[in-house]
Amino acid sequence: MTFIKLADVADIEPGDALKIGEGEAAIAIFNVDGEFFATQDQCTHGEWSLTDGYLEGDVIECTLHWGKFCVRTGKVKARPACDPIKVYPLEVRDGEIYVDVDAGHVSA
């Protein structure tokens, strides 16, 4: 695993998200009550940024068509989305957020 620093803990308030990068390669980092998760940023239902959505607990709602995903697992929580999102291993070290951008996976 090759973890790279993408952000600082202080960059993302609880209940917020931060987008790193652009397009299909962009990664979203979510702060769920002080616990951090990394997923692909692009919704699997349409080309739309999930960091523009609404985070409620550990579920992000896409504002394009209102599909929902669990940021912990990537699993679909509400249609019209049918395909899960990719999740990435994440570590917090000394107030810094590291993500293994090469090891993202989709839950079955």
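In terms of heavy atoms, G74 sits closest to F69 at O-CD2, 4.0 Å. The two atoms that bring P80 and G67 nearest to each other are CD-N, 3.9 Å, heavy atoms only. Summarising the geometry of R79 relative to C82, their closest heavy-atom pair is NH1-SG, 2.8 Å, with the distance given to 0.1 Å. Across I60 and L55, no two heavy atoms sit closer than the pair CD1-N, 3.8 Å. When every heavy atom of P84 is checked against every heavy atom of V76, the shortest pair comes out as N-CG2, 3.8 Å. Among all heavy-atom pairs drawn from G104 and P89, the shortest one is N-CD, 4.4 Å.
Atom CD of Q40 sits about 6.5 Å away from atom NZ of K86, to the nearest 0.5 Å. Here the NZ-CD distance, from K5 to E91, works out to 14.5 Å after rounding to the nearest 0.5 Å. One finds the CD1 atom of I29 at 5.0 Å from the CD1 atom of I97 (value rounded to the nearest 0.5 Å). Taking CG from L6 and CZ from F36, the interatomic distance works out to 12.5 Å, rounded to the nearest 0.5 Å. Atom CZ in F30 sits 7.0 Å away from atom OG1 in T51 (nearest 0.5 Å). To the nearest 0.5 Å, atom NZ of residue K75 and atom SG of residue C70 are 8.5 Å apart.
L50 and I12 fall into different hydrophobic clusters, defined by Ile, Leu, Val, Met, Phe, Trp and Tyr side-chain heavy atoms under 4.5 Å apart, directly or through other members. One hydrophobic cluster, built from ILVMFWY side chains closer than 4.5 Å, cannot hold both V32 and Y54; they sit in different ones. There is a path of hydrophobic side-chain contacts, each under 4.5 Å, that joins I27 to V9. Under a hydrophobic-cluster definition in which Ile, Leu, Val, Met, Phe, Trp and Tyr are linked whenever side-chain heavy atoms come within less than 4.5 Å, directly or via other members, V87 and V59 are assigned to different clusters. Both L18 and I4 sit in one connected hydrophobic cluster of ILVMFWY residues. Membership requires side-chain heavy atoms under 4.5 Å apart, directly or through other members.
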Test log, rule side-chain hydrogen bond (donor to acceptor under 3.5 Å, both in side chains), inputs T63 and D52: CA-CA 7 Å; T63 58; D52 290 338; 5.8 Å; no
Given side chain to side chain contact (heavy atoms under 4.5 Å, CB included), test H45 with C62 step by step and report yes or no. CA-CA 9 Å; H45 180 256; C62 178; over 6 Å; no
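Checked by atom type, the side-chain pair Y98/E96 shows a donor-acceptor distance below 3.5 Å.
Within a 6.0 Å sphere centred on NZ of K19, other residues, nucleotides and ligands contribute more than 12 heavy atoms.
For the pair F37 and L90, the minimum side-chain heavy-atom distance is 4.5 Å or more. Using a 4.5 Å heavy-atom threshold, the side chains of I85 and T44 count as touching. Contact annotation: the side chain of I20 never approaches that of V99 to less than 4.5 Å [non-hydrogen atoms, C-beta and beyond].
Looking at R72 and E35, a side-chain N of the basic residue comes within less than 4.0 Å of a carboxylate O on the acidic one, giving a salt bridge.
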